[in-house]
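Below, chain A is the first sequence line, B the second, and so on; all start at residue 1.
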Amino acid sequence: MNYWLMKTEPDVFSIDDLYNKPKKTEPWDGVRNYQARNFMRDEMKKGDMVLFYHSNAKAETGVAGVAIVAKESYPDFTSWDKKSKYFDPKSSEDKPRWFMVDVKYKKKFKRIVTLSEIKENKRLKDMRLIQKGNRLSILPVKKSEFDEILKMSEK
DNA sequence: GCCAACGTTGGC
DNA sequence: GCCAACGTTGGC
């Protein structure tokens with residue numbers, strides 16, 4: 001099993017929004033970065049665990065909870081929907097360029113594990129999230145890092 | 001709102 | 001294939 005961190009802006013789609021979806025499940029659409037796409041297309045498997053990260057948050061930036069991969073990658077249909085803001089003329093139903101997975105709500109932390117706490121925790125110093133210049137919206141996480149963040153959320 | 005650190009596009 | 005210009009991400 002693999003572990004991941006997925007970023008979302010809570011103003012756009014928060015952990016509460018995921019909770020309120022039918023079946024608490026939602027397609028992770030709109031990823032338009034090749035590295036992030038490749039993670040979803042090639043490596044994310046059903047049952048993988050996801051740290052649900054609130055970026056650019058008005059309140060607190062950090063990990064807000066846990067989700068689980070509910071469906072493995074399939075073409076991101078918003079990429080050939082002309083009305084979608086994620087429309088990409090180079091993607092088609094015949095030749096999809098972009099892919100997504102479905103994620104399902106697992107739990108909301110009692111409190112946000114903030115980015116600054118993560119930076120301060122020596123056990124998390126190698127997390128790709130806090131490497132310089134990292135802007136990837138989907139990142140692999142080690143099991144030890146995943147467990148550490150879970151532990152921090154309980155404190 | 002600013003801006004550093006990217007990634008992408010397109011002319012050549 | 002190079003690289004300048006442009007667009008985006010995301011912390012602050």
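- If you check the side chains of Tyr105(A) and Asn20(A), you find no donor sitting under 3.5 Å from an acceptor.
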| said: I'd like to know whether Asp16(A) forms a salt bridge (charged side-chain N to carboxylate O under 4.0 Å, His left out) with Lys108(A), so could you lay out the CA-CA distance, the side-chain angles of the two residues, the decisive distance to 0.1 Å, and finally the verdict. | reply: CA-CA 8 Å; Asp16(A) 293 320; Lys108(A) 181 181 175 177; 3.0 Å; yes
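- Under the salt bridge (Lys or Arg N to Asp or Glu O under 4.0 Å) criterion, the residue pairs touching residues 45-65 of chain A are Asp11(A)-Lys58(A), with sequence neighbours excluded.
- No donor-acceptor distance shorter than 3.5 angstrom exists from the side chain of Asp29(A) to the backbone of Phe77(A), with no hydrogens or angles considered.
- For DNA chain C, no neighbouring residue in residues 87-103 of chain A is found when judged by any heavy atom under 4.0 Å.
- Taking Asp126(A) as the reference, Lys142(A), Glu145(A) meet the side chain to side chain contact (heavy atoms under 4.5 Å, CB included) condition, with sequence neighbours excluded.
- Position along DNA chain B of the nearest nucleotide to Lys132(A) versus Tyr34(A) favours Lys132(A) as the more 5'-ward residue.
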| Nucleic acid footprint by protein, nucleotides 1-10 of chain C - heavy-atom cut-off 4.0 Å, B for base, S for sugar-phosphate alone | ------BBBB
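- Under the salt bridge (Lys or Arg N to Asp or Glu O under 4.0 Å) criterion, Arg111(A) pairs with Glu117(A), not counting sequence neighbours.
- Pro96(A) approaches Ser91(A) most closely through the heavy-atom pair CA-OG, 3.6 Å.
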| said: Is there a salt bridge (charged side-chain N to carboxylate O under 4.0 Å, His left out) between Asp147(A) and Lys143(A)? Walk through the geometry before answering. | reply: CA-CA 6 Å; Asp147(A) 291 343; Lys143(A) 181 176 192 310; 2.8 Å; yes
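- End-to-end axis angle of the helix from dG1(B)-dC12(C) to dC12(B)-dG1(C), from C1' rotation axes over five pairs per end: 10° (rounded to 10 degrees).
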| task | Quick one: do Tyr53(A) and Trp4(A) satisfy ring-ring contact (aromatic ring centres under 6.0 Å, His included)? Show the steps, please. | result | CA-CA 10 Å; Tyr53(A) 181 87; Trp4(A) 306 94; over 10 Å; no
| Worked verdict on Val103(A) versus Met6(A) for side-chain contact (heavy atoms from CB on, under 4.5 Å) | CA-CA 10 Å; Val103(A) 298; Met6(A) 296 173 92; 4.0 Å; yes
